[in-house]
Amino acid sequence: MGNRQADIDFTFQHPTTMRALLEVLTPAGWCAEERPGYISYMVNDADDMHDWYDSTPDRLNAVLAELDATANLPYTVALNVYHPQAGTGGMLVLQPQRRELSFLPTIYRRGIPGAPKFTDLAWYLHALVPSLLRVGLTDYEARENGN
């Protein structure tokens, strides 16, 4: 897909947590295990380095506690999620103040049938929006940019 970048920005009525997001997305087929035995997350703390960390599924509760910790509220946090049935996934990026979330389809991004260089944003919206309504979704904006 070259240099193309797609993302979907979501806005929530009230602040949310990464745990709440994962809890509503799991019944829709999403999981934090992006490949067997592996989870990946990020805390962009005071050093502003966007450091990614690897962990294991047995530590998921500790990872979610770290991402949702009060000390990390001023910082962007992220968790990679995967939809095993669909064979795709991406990054959930929760912004400071926790009312804005971006989803970036970075793991085996789905192309539009007949136009595979473009991301099938409609598929991702269908797979995410109904679940996110349960945690107060009020708006979204989907876009793709590239050469």
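- Here the closest heavy-atom approach between residue Pro113 and residue Asp120 is recorded as CD-OD2, 4.2 Å.
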Enumerate donor-acceptor pairs with a distance under 3.5 Å from any side-chain N or O in residues 78-93 to protein atoms, sequence neighbours excluded.
from  : atom 1 : to     : atom 2 : distance (Å)
Asn80 : ND2    : Glu34  : OE1    : 2.9
His83 : ND1    : Ala86  : N      : 3.2
His83 : NE2    : Ala28  : O      : 3.0
Thr88 : OG1    : Ile107 : O      : 3.1
Thr88 : OG1    : Tyr108 : O      : 2.9
Thr88 : OG1    : Tyr124 : OH     : 2.6

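- For the side chain to side chain contact (heavy atoms under 4.5 Å, CB included) criterion with Leu67, the lone passing option out of Val43, Leu94, Leu21 is Val43.
- Both Leu22 and Tyr53 sit in one connected hydrophobic cluster of ILVMFWY residues. Membership requires side-chain heavy atoms under 4.5 Å apart, directly or through other members.
- Under the 4.5 angstrom side-chain criterion for Ile, Leu, Val, Met, Phe, Trp and Tyr, Leu73 has no cluster partners at all.
- In this structure, the side chains of Ile39 and Val63 come closer than 4.5 Å at one or more pairs of heavy atoms.
- For residues 14-31, the side chain to side chain donor-acceptor pair (under 3.5 Å) pairs, not counting sequence neighbours, are Arg19-Asn61.
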Pair up each side-chain donor or acceptor in residues 132-142 with any protein partner under 3.5 Å, not counting sequence neighbours, and list the distances.
from   : atom 1 : to     : atom 2 : distance (Å)
Thr138 : OG1    : Thr11  : O      : 3.1
Glu141 : OE2    : Arg143 : NH1    : 3.3

Name the atoms and distances for all side-chain donor-acceptor pairs under 3.5 Å in residues 96-105, with sequence neighbours left out.
from   : atom 1 : to    : atom 2 : distance (Å)
Arg98  : NH1    : Tyr75 : O      : 2.7
Arg98  : NH1    : Gln95 : O      : 3.0
Arg98  : NH2    : Asn72 : O      : 2.7
Arg98  : NH2    : Tyr75 : O      : 3.2
Arg99  : NE     : Phe12 : O      : 2.9
Arg99  : NE     : Gln13 : O      : 3.2
Arg99  : NH2    : Phe12 : O      : 2.8
Ser102 : OG     : Asp9  : OD1    : 2.6

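- Counting only residues at least two apart or in different chains, salt bridge (charged side-chain N to carboxylate O under 4.0 Å, His left out) contacts with residues 56-77 are absent.
- Here the closest heavy-atom approach between residue Ser131 and residue Leu25 is recorded as CB-CD2, 3.8 Å.
- Going from atom OG of Ser40 over to atom CD of Glu33 covers 12.5 Å, rounded to the nearest 0.5 Å.
- To the nearest 0.5 angstrom, Asp54 atom CG is 8.5 Å from Tyr41 atom OH.
- In this structure, the side chains of Val77 and Met18 come closer than 4.5 Å at one or more pairs of heavy atoms.
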Step by step, work out the side-chain contact (heavy atoms from CB on, under 4.5 Å) result for Arg109 and Thr119. CA-CA 7 Å; Arg109 181 168 51 173; Thr119 304; 3.0 Å; yes
